[in-house]
Amino acid sequence: SLKGWRYALDNPGELIDMILARYNTQGKNRADLESEAQAVLDLIDPDIIEIGHSNPNRWRHIAATYIRLGVAEPGASLDRFLYDPAPKPLPGWVMPALAGSTLAFLIAFTVASYLIRLNRLVGLAQEDTARLAHRHARMLENSRDGIWLVDTGSGRVLDANAAAERMSGYSRVELLSMQVSDFDADETTADVKFRLGEVLVSGWALFESRHKTKDGHVINVEVSVMPDLENGTALAFVSDIPPRKQAEHAQAFLLQCGLLSNEEDFFASLARYLAETLSMETVCIDRLEGDGLHAQTVAIYNDGRFDNNHRYPLKDTPCGSVLDGSTRCFPHGVCGLFPDDVSLTELRAESYIGTVLWDSQGRPIGLIAVIGRHPLKDPQRADALLKLVGPRAAWELERREAKRYLQESEERLRLALKAAKQGLYDLDMRTGEIQVSDEYALMLGYDPAEFHENREHWLARLYPGDTDPVGLAYRD
């Protein structure tokens with residue numbers, strides 16, 4: 001019907017949705033159907049030729065063409081094809097009226113032509129606006145950043161693009177029933193409303209946050225928010241923390257961590273930092289033993305708490321496979337690859353990435369292993385972070401081993417001197433500080449707990465004839 005044609009031309013998007021949903025037997029996409037709709041609109045040109053208009057002369061021309069081609073018989077009449085009632089004799093006033101009407105028609109035609117041209121220009125402008133809006137909508141929908149439209153009064157999600165669905169794991173329908181505080185890992189509903197209030201005042205905000213995904217992950221994100229004061233909404237662009245900022249965060253952590261604390265504090269802090277940054281459940285930092293077949297943990301961070309350290313064999317474990325190279329990653333299915341590793345089964349591990357720690361001589365000294373219950377979404381990011389923190393962790397581990405070795409050596413020397421009943425006298429020539437062993441005090445007949453050596457006491461115990469030459473040598 002004419003009404004149906006008018007509706008179809010005015011609402012092409014609705015018909016395209018219907019075709020795609022029910023009648024798309026040719027397998028065309030939306031872009032193809034939009035192109036066809038535009039072509040039909042250009043051919044019909046309803047702004048110039050009214051829908052349903054039939055020109056008798058055009059039909060006569062078509063009939064003459066058919067006759068010339070031999071498709072129709074000569075002399076064929078269109079009298080019964082076109083409606084043309086028999087004219088009646090015209091009254092005398094008709095011709096003057098017709099002349100006046102013709103003049104009025106010419107004037108009206110001139111005005112109508114102008115209005116049609118103006119209407120066409122307006123239509124083109126509207127089409128350009130609609131096309132631009134459509135282009136912007138497609139750009140937002142195809143953006144790699146997650147985009148949320150949020151109500152600034154309640155913090156409720158009003159709309160979200162496909163990237164937001166991918167990042168969060170929620171469908172658009174699920175997101176539209178949520179508030180920002182439902183997936184923000186750190187802020188409550190009141191916190192979100194307060195932040196949105198600050199955005200309304202400042203006009204823009206850029207900050208870092210942590211978002212919870214549907215599968216339980218916590219991801220670090222960068223959020224840029226722009227408010228729309230007229231509509232009481234805000235547009236939030238959410239993206240992963242870029243590699244440059246991740247490197248800056250890691251360097252800041254390494255500068256602050258471990259400088260004023262002992263080794264355990266450093267490794268515990270590093271394990272927690274890696275787990276939170278990579279959104280993984282378990283981080284294990286190990287020291288390799290001399291045989292290369294076993295490892296001793298120095299920090300285990302699991303599900304937000306620290307477990308007791310223990311010794312374990314490396315055979316048939318992903319940590320053992322790491323020793324073949326610098327880094328080894330299993331983004332998913334790690335339990336199936338190492339079925340004999342009971343610890344992986346107990347942790348319900350799905351993903352694993354580990355790296356070797358090398359000492360200053362280029363020998364493997366330790367391991368860092370990061371384990372998750374979900375597939376590792378960005379192995380490159382995890383690998384870059386481990387390569388960044390690995391040298392510092394190796395240095396800390398080597399320093400700890402050197403300190404332990406020195407303490408063991410000092411203890412062995414102390415035991416040897418005690419067994420040989422020999423005293424130890426240690427003089428720092430720069431500071432004059434003196435340290436002696438218990439055996440030295442006992443040799444002189446003193447109680448070690450009460451014996452305090454210094455230069456004056458030492459010189460006083462010398463044989464009188466040796467005081468001057470020994471004192472001179474001491475000073476020199």
Side-chain angles (χ1 to χ4, degrees), residues 217-218 246 250 253-254 257 263-264 266-289 291-359 363-398 400-401:
H217 269 78
V218 176
Q246 175 178 282
F253 164 79
L254 293 176
C257 180
E263 299 88 300
E264 277 81 18
F266 170 78
F267 289 118
S269 298
L270 177 60
R272 181 191 293 108
Y273 171 78
L274 291 175
E276 294 177 351
T277 301
L278 297 177
S279 299
M280 303 280 269
E281 283 73 22
T282 305
V283 176
C284 183
I285 304 176
D286 305 334
R287 171 178 57 83
L288 291 177
E289 296 194 345
D291 59 4
L293 302 177
H294 293 81
Q296 172 66 47
T297 64
V298 296
I300 307 175
Y301 188 73
N302 181 37
D303 278 337
R305 58 181 177 82
F306 291 99
D307 290 346
N308 295 327
N309 289 318
H310 62 273
R311 180 177 181 267
Y312 70 96
L314 293 171
K315 184 180 179 181
D316 299 326
T317 69
C319 289
S321 70
V322 172
L323 296 178
D324 296 336
S326 59
T327 302
R328 188 62 63 90
C329 180
F330 304 99
H332 55 82
V334 67
C335 275
L337 298 174
F338 298 91
D340 296 330
D341 191 338
V342 178
S343 296
L344 291 180
T345 304
E346 293 175 349
L347 293 172
R348 305 195 305 279
E350 176 64 24
S351 56
Y352 172 99
I353 184 168
T355 189
V356 178
L357 303 179
W358 306 92
D359 68 10
R363 296 168 301 194
I365 190 176
L367 299 167
I368 297 179
V370 185
I371 303 169
R373 297 198 185 101
H374 306 279
L376 182 58
K377 294 182 179 180
D378 194 347
Q380 291 79 14
R381 176 170 174 261
D383 178 63
L385 182 58
L386 290 183
K387 287 180 178 177
L388 191 61
V389 303
R392 171 63 186 280
W395 179 83
E396 291 283 351
L397 194 58
E398 186 173 14
R400 176 179 178 179
E401 286 300 292

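Heads up: numbering here begins at 1 and tracks the sequence. Scope of the values below: all heavy atoms of this structure, side chains included, with no hydrogens, waters or symmetry mates.
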**Q** How far does OH of Tyr312 sit from SG of Cys284, to the nearest 0.5 angstrom?
**A**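 With rounding to 0.5 Å, OH (Tyr312) is 5.0 Å from SG (Cys284).
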**Q** Return the OG1 to CG distance between Thr355 and Leu388, rounded to the nearest 0.5 Å.
**A**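 Thr355 OG1 to Leu388 CG: 11.5 Å, rounded to 0.5 Å.
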**Q** So, for Ile371 and Met280, which heavy atoms are closest and what is the spacing to 0.1 Å?
**A** O-CB, 3.6 Å
**Q** Of all residues at least two apart in sequence or in a different chain, which pass the side-chain hydrogen bond (donor to acceptor under 3.5 Å, both in side chains) check with Arg272?
**A** none
**Q** Does the pair Glu396/Arg400 count as a salt bridge with the N-to-O cut at 4.0 Å?
**A**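 Salt bridge absent between Glu396 and Arg400.
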**Q** Quick one: side-chain contact (heavy atoms from CB on, under 4.5 Å) partners of Ala382, sequence neighbours excluded?
**A** Leu278, Ile353, Leu376
**Q** Not counting sequence neighbours, which residues clear side-chain hydrogen bond (donor to acceptor under 3.5 Å, both in side chains) with Thr317? List them please.
**A** none
**Q** Taking side-chain contact (heavy atoms from CB on, under 4.5 Å) as the test, write out the residues that go with Thr277, two or more places apart.
**A**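 With neighbours one apart ignored, the set is Asn220, Tyr273, Arg381, Leu385.
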**Q** Kindly say whether His310 contributes a backbone atom to a donor-acceptor pair with the side chain of Thr297 at under 3.5 angstrom?
**A**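 Indeed, once roles are kept as given, a pair shorter than 3.5 Å links the two residues.
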**Q** Over all heavy atoms of both residues, which pair between Tyr301 and Ala275 is shortest? Give the atoms and the distance, please.
**A** CD2-CB, 3.6 Å
**Q** Considering residues at least two apart in sequence or located in another chain, which fulfil the side-chain hydrogen bond (donor to acceptor under 3.5 Å, both in side chains) criterion with Arg348?
**A**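 Checked Arg348 against side-chain hydrogen bond (donor to acceptor under 3.5 Å, both in side chains); zero matches.
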**Q** Okay, side chain of Asn309, backbone of Ala299: is any donor-acceptor separation there less than 3.5 Å?
**A**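 Yes: the side chain of Asn309 pairs with the backbone of Ala299.
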**Q** Looking at every heavy atom in both Ile285 and Ala271, which two are closest together, and how far apart are they?
**A**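 What the structure gives for the nearest pair is CD1-N, 4.0 Å.
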**Q** Residues in salt bridge (Lys or Arg N to Asp or Glu O under 4.0 Å) with Asp378, at least two apart?
**A**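 Not a single residue meets the salt bridge (Lys or Arg N to Asp or Glu O under 4.0 Å) criterion with Asp378.
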**Q** Once side-chain contact (heavy atoms from CB on, under 4.5 Å) is applied, do any residues pair with Pro375, and if so which ones, sequence neighbours excluded?
**A** His332, Glu350
**Q** Taking only residues two or more places apart in sequence or in another chain, which ones pass side-chain hydrogen bond (donor to acceptor under 3.5 Å, both in side chains) with Ser351?
**A**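 None.
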**Q** For residues 377-397, which residue pairs qualify under ring-ring contact (aromatic ring centres under 6.0 Å, His included), counting only residues two or more places apart or in two chains?
**A**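 Output for this query is empty, none listed.
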**Q** For ring-ring contact (aromatic ring centres under 6.0 Å, His included), just list the numbers for Phe330 and Phe338, CA-CA rounded to whole Å, side-chain angles, deciding distance to a tenth of an Å, and then say yes or no.
**A** CA-CA 11 Å; Phe330 304 99; Phe338 298 91; 5.3 Å; yes
**Q** Tell me the closest heavy-atom pair linking Ala394 and Leu357, and the distance in Å.
**A** CB-CB, 3.9 Å
**Q** With side chain to side chain donor-acceptor pair (under 3.5 Å) as the rule and sequence neighbours excluded, what pairs involving residues 337-346 come up?
**A** none
**Q** For Lys315, check side-chain contact (heavy atoms from CB on, under 4.5 Å) against everything at least two apart and list the hits.
**A** none
**Q** Keeping to residues at least two apart or across chains, list the salt bridge (charged side-chain N to carboxylate O under 4.0 Å, His left out) pairs with something in residues 302-311.
**A**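 Every pair satisfying salt bridge (charged side-chain N to carboxylate O under 4.0 Å, His left out) with a residue in residues 302-311: Glu289-Arg311, Asp303-Arg373, Arg305-Asp307.
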